[in-house]
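The structure displayed is predicted, hence computed values, not measured ones. Note on naming: letters A, B, ... go to the chains in the order of the sequence lines (proteins, then strands), and numbering restarts at 1 for each one.
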Amino acid sequence: MSDPISDLHAAIAAAVAGLTGGEVPELALERPANPEHGDYATSVAMRLAPVLSRKPREIAEELAEAIRSLGTVETVEIAGPGFINIRLGAQWYRDALSDMLAAGPDFGRRPFTPGVETLVEFVSSNPTGDLTIGSARNAAYGDSVARLLEFTGERVTREYYINDAGNQVGLFGQSVQARRLGNDIPEGGYPGDEVAVIAAELDVPDDAPLEEWVTKGVALMVERIRASLASMRVEFDLWTSELGLHESGAVVAAIDRARAQGRIFEQDGATWLRTTDFGDDKDRVLLKADGEHTYFASDLAYIDLKFQRGATHAIYVLGADHHGYIQRLKAGAQCLGYDPAHVETLIYQLITVSGERMGKRRGNVITLTELTDAIGVDAARYFLVQRSHDQTLDIDLDLAVETSSKNPVYYVQYAHARCASILRKAADEGLAVDGIGSAHTPEAAELALLRRLAEWPEVVASAAELRAPHRIISWTHELAADFHAFHHDLFVLHEDVDTRAFRLSAVRATREALERALGLLGVSAPDRM
RNA sequence: GCGCCCGUAGCUCAGGGGAUAGAGCGAGAGACUUCUAAUCUCGAGGCCGCAGGUUCGAAUCCUGCCGGGCGCACCA
């Protein structure tokens, strides 16, 4: 697939190779902040100076000569200590526009890499209550990362791990039963309203054994969770049960596998995994002295299962309160004989709502469903990934429901609706034309818009690589701003056919770009607002 | 004490070695006879936590310190 920036990049790289005899350092081809420094600039001459033992400006002069001969560039200038500033010509913009429209929804997409099977496990909240806003961040972030990886060439499976074994689900079952029978909720149990709802809906006789309350109660809770995630456009391919890992013998098998690797020892009546062999702070218990397994034992079996099923890369999306698990999970994988580089943990920081921290003990829990009911799915998904996952996130509920340019999600969606509106009007009034208007000389606002659009392949690639969907948000907002300015300055349905063709093409490319970008965030791109 | 994340404009945050550090919100001044003013334009606002180091060049990389958050179970 043709990509205008890559083509420019390749041409400069070839020129550099000619100078060094083959070696090409990082070009650092970028958009300068100052427009006087051209459309694109590279600092490669300064990087080359120590390698070639020559003056940077001298190297820059020679490279500039080679770049000038490309034809699609208008001017090439040397500035400062040895920057090469490139200004692109009208033909380059026309070529770029043609390339984008030809690629359509696939502009910037990379074909699947054979042999790569990425497993993204996320949310995986205990099925003992509705998902909280923290899980909402997990869901929005994890799903956007999954979409990014798919777009950039990885085959991705989304998986939810159901913690349906152990004390907590037992307490949950007891809580459901207590709600139905009108008894007190047990110590440490679950008092939430959703428990009462489940108690009422559950097809279980009052005198059923506890076992049944647990099993059926959890099943119904999982269904509630699945539905709430689906409502915000997060769908999982696999739902894996922790209980199932025990019943299928996977836990025992994983321990045997670790034993065969020589990583198991017995001490104080318990069975341990020697994770300190691989950098963990302390060794971890798998089977307690009382014969019960630990949670980590199922984790180990689950890692084993993921790789046995054929995953080549296992990604975990965890809240900051679980960051202590990183080393343990990697060491666990290593104890089973797997490469720890194939285990990746993505940690997102905590979330506040309109400046307030949420917490069960604080008594101000906001659920995922309450959030989407309050601000809508589009705003929720947009705001939940607006900031870097490394950053604590505050969602301003008042701003999120504002229907004005103050609200970034409306601002971006409105840009899309405007594009659609213009294209609709062109079609309705018979003003649509073929081609991209080759005789039209683009003006400043058009050039700015096209430069932005051409950045996309680079933006999406780095967002995927850094697991940083917030970079898609930033770029999308900038694109919307460039489009609104373009729309304000220039009339699209111009009487001159070439001008109209060019501008309509730019609008079409913008509309597609917004739809593509918002799609990776799980945000809709409305045609009318 | 140890580990992870953060510290950039009044507020919320972008900036993964480059030129004069950006955006949104807030506060200020303007712009609609044409495709949605749900928009645009302009100015104000900064010891990039502090101190060293690496580099031709550091908000960015390294070290130390200060401040804030989150973790350090034979719990789940």
Side-chain angles (χ1 to χ4, degrees), chain A residues 26 28 30 32-34 36-37 41-43 46-47 49-50 56 79-83 85 126 128 163 165-171 188 242 267-272 281-282 284-296 298 319-328 345 347-350 355 357 386-396 399 402-408 410-411 413-415 417-426 428-429 431 462 465-466 468 470-471 473-475 477-478 480-481 483-494 503-504 507 528-529:
Chain A
E26 178 60 39
E30 56 182 32
N34 185 338
E36 286 175 21
H37 296 147
T42 172
S43 59
M46 288 173 298
R47 288 163 202 275
F83 289 101
N85 296 335
N126 286 353
T128 53
N163 297 117
N167 299 336
Q168 299 308 309
V169 288
L171 274 167
E242 181 187 3
Q267 187 183 302
D268 304 330
T271 301
W272 298 68
D281 296 343
K282 53 190 79 167
R284 305 291 169 177
V285 170
L286 295 174
L287 295 174
K288 299 191 265 181
D290 64 9
E292 292 288 307
H293 66 274
T294 60
Y295 185 81
F296 186 59
S298 347
D321 52 342
H322 287 81
H323 79 260
Y325 282 44
I326 300 174
Q327 203 51 47
R328 203 177 309 180
T345 44
I347 303 294
Y348 61 91
Q349 298 299 312
L350 71 85
R357 280 199 52 190
Q386 196 180 13
R387 305 305 180 199
S388 161
H389 61 282
D390 279 339
Q391 214 24 287
T392 53
L393 173 73
D394 184 58
I395 295 195
D396 183 337
L399 179 64
E402 183 121 17
T403 53
S404 76
S405 63
K406 286 180 193 170
N407 183 349
Y410 278 88
Y411 182 81
Q413 286 185 315
Y414 178 53
R418 258 187 164 169
C419 288
S421 167
I422 292 168
L423 295 171
R424 208 160 44 230
K425 178 159 177 157
D428 289 351
E429 301 187 3
L431 295 169
S462 72
E465 193 185 335
L466 297 171
H470 75 282
R471 288 185 171 229
I473 299 248
S474 304
W475 181 84
H477 194 271
E478 285 166 353
F483 174 73
H484 284 310
F486 158 87
H487 177 269
H488 184 267
D489 289 356
L490 304 169
F491 188 67
V492 176
L493 302 179
H494 200 274
R503 291 181 182 166
L504 275 170
V507 171
R528 296 170 200 273
M529 287 175 75

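With its ring centre under 5.5 Å from that of the base six-membered ring and a plane angle below 30°, A/F491 counts as stacked on B/U34. Both thresholds, 5.5 Å between centres and 30° between ring planes, are met by A/H37 relative to the base of B/A19, so the two rings are stacked. Judged by centroid separation below 5.5 Å and plane tilt below 30°, A/Y410 does not stack onto the base of B/A38.
One N or O donor and one acceptor, one from the side chain of A/R471 and one from the base of B/G16, sit under 3.5 Å apart. One donor-acceptor pair, N or O on each side, does fall under 3.5 Å between the base of B/U20 and the side chain of A/N34. For A/N85 against B/A19, a side-chain-to-base donor-acceptor contact under 3.5 Å is present.
Checking B/G16, B/A73, B/C35 against every side-chain atom of A/K282, the shortest atom distance belongs to B/A73. Considering only side-chain atoms of A/A79, the nucleotide from B/C70, B/C35, B/A19 that sits closest is B/A19. Closest to the side chain of A/N167, from the set B/C75, B/C40, B/U20, is B/C75. With distances taken from any side-chain atom of A/S474 to the nucleotides B/U20, B/A14, B/C35, the minimum falls on B/A14. The side chain of A/S462 lies closest to B/G16 when the candidates are B/A37, B/G16, B/G17. For A/H470, the side-chain atoms get nearest to B/A14 when compared with the rest of B/A14, B/C35, B/C74. Side chain of A/M46, nearest nucleotide from B/C35, B/G15, B/C56: B/C56. Among the nucleotides B/G18, B/C74, B/A73, the one closest to the side chain of A/D268 is B/C74. Among B/A19, B/C35, B/U12, the nucleotide with an atom closest to any side-chain atom of A/V492 is B/C35. Relative to the side chain of A/V285, the nucleotides B/G69, B/C74, B/G18 differ in distance, and B/C74 lies closest.
Remark: the backbone N or O of A/L286 is not paired with any side-chain donor or acceptor of A/W272 at under 3.5 angstrom. Using a distance-only test at 3.5 Å, with no hydrogens or angles considered, no donor-acceptor pair links the side chain of A/D268 to the main chain of A/A270. Side-chain N or O atoms of A/R387 include none that pairs as donor or acceptor with a backbone N or O of A/H470 at under 3.5 Å. With hydrogens and angles ignored, the 3.5 Å screen pairs a side-chain donor or acceptor of A/T294 with a backbone N or O of A/V285. At least one donor-acceptor pair under 3.5 Å links the side chain of A/H323 to the backbone N or O of A/A320. In this structure, the side chain of A/N34 engages the main chain of A/E36 through a donor-acceptor pair within 3.5 Å.
In this structure, the CZ atom of A/R328 is 8 Å from the P atom of B/C72, given to the nearest Å. Here the P atom of nucleotide B/A14 and the CD atom of A/Q386 are 9 Å apart, to the nearest Å. In this structure, the CE atom of A/M529 is 13 Å from the P atom of B/A37, given to the nearest Å.
To the nearest whole angstrom, the two C1' atoms, one in B/C47 and one in B/C42, are 28 Å apart. The separation of B/C2 from B/U8, taken at their C1' atoms, amounts to 29 Å, rounded to a whole angstrom. Here, B/G10 and B/A27 have their C1' atoms 9 Å apart, quoted to the whole Å. Nucleotides B/C11 and B/G26 are separated by 15 Å at their P atoms, to the nearest Å. Comparing B/G69 with B/C35, their C1' atoms are spaced 49 Å from each other, to the whole Å. Nucleotides B/C48 and B/C6 have their C1' atoms positioned 14 Å apart, rounded to a whole Å. Rounded to a whole angstrom, the distance from the P atom of B/C61 to that of B/A23 is 23 Å. Using atom C1' as the reference point in both B/C50 and B/G43, the two lie 33 Å apart (nearest Å).
Searching all strands for a Watson-Crick or G-U wobble partner of B/G57 with both distances below 3.5 Å returns nothing. Nucleotide B/G52 is matched to B/C62 when pairs are restricted to Watson-Crick or G-U wobble geometry with both distances under 3.5 angstrom. Under the Watson-Crick or G-U wobble criterion, with both distances below 3.5 Å, B/G24 is paired with B/C11. For B/G67, the paired nucleotide is B/C6, the pair qualifying as Watson-Crick or G-U wobble because both relevant distances are below 3.5 Å. For B/G46, there is no paired base (Watson-Crick or G-U wobble, both distances below 3.5 Å). The base-pairing partner of B/C72, taking Watson-Crick or G-U wobble contacts with both distances under 3.5 Å, is B/G1.
The side chain of A/H293 contributes no N or O atom lying less than 4.0 Å from OP1 or OP2 of B/C74. For B/G17, the OP1/OP2 oxygens have no side-chain nitrogen or oxygen of A/R47 closer than 4.0 Å. Between A/R503 and the phosphate of B/C35, there is no side-chain N or O to OP1/OP2 separation shorter than 4.0 Å.
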Check nucleotides 2-7 of chain B for protein N or O atoms closer than 3.5 Å to its own N or O atoms and list the pairs.
from: B/G3; atom 1: N2; to: A/H323; atom 2: ND1; distance (Å): 3.3
from: B/G3; atom 1: N2; to: A/H323; atom 2: NE2; distance (Å): 2.1
from: B/G3; atom 1: N3; to: A/H323; atom 2: NE2; distance (Å): 3.2
from: B/C5; atom 1: O2'; to: A/Q349; atom 2: NE2; distance (Å): 3.4
from: B/C5; atom 1: O2'; to: A/D390; atom 2: O; distance (Å): 2.5
from: B/C6; atom 1: O3'; to: A/Q391; atom 2: NE2; distance (Å): 3.4

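Nearer the 5' end of RNA chain B, as judged by each residue's closest nucleotide, is the contact made by A/E30, out of A/E30 and A/A485.
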Summarise how protein sits on nucleotides 22-31 of chain B as a single string, 5' to 3': B when a protein heavy atom is under 4.0 Å from the base, S for sugar-phosphate-only contact, - for no contact. --SSS-----
Salt bridge (Lys or Arg N to Asp or Glu O under 4.0 Å) for A/K406 and A/E402? Distances and angles first, verdict last. CA-CA 7 Å; A/K406 286 180 193 170; A/E402 183 121 17; 3.7 Å; yes
Apply the test side-chain hydrogen bond (donor to acceptor under 3.5 Å, both in side chains) to residues A/E242 and A/S298: give CA-CA distance (whole Å), side-chain angles for both, the deciding distance (0.1 Å), then the verdict. CA-CA 7 Å; A/E242 181 187 3; A/S298 347; 2.7 Å; yes
Go through it in stages, so that I can follow the logic: the residues are A/Y348 and A/D390, the test is side-chain hydrogen bond (donor to acceptor under 3.5 Å, both in side chains), and I'd like the CA-CA distance, side-chain angles, deciding distance and then a yes or no. CA-CA 6 Å; A/Y348 61 91; A/D390 279 339; over 6 Å; no
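A distance below 6.0 Å separates the ring centres of A/Y411 and A/H477.
For A/E478, the salt bridge (charged side-chain N to carboxylate O under 4.0 Å, His left out) partners two or more places apart in sequence, or in a different chain, are A/R452.
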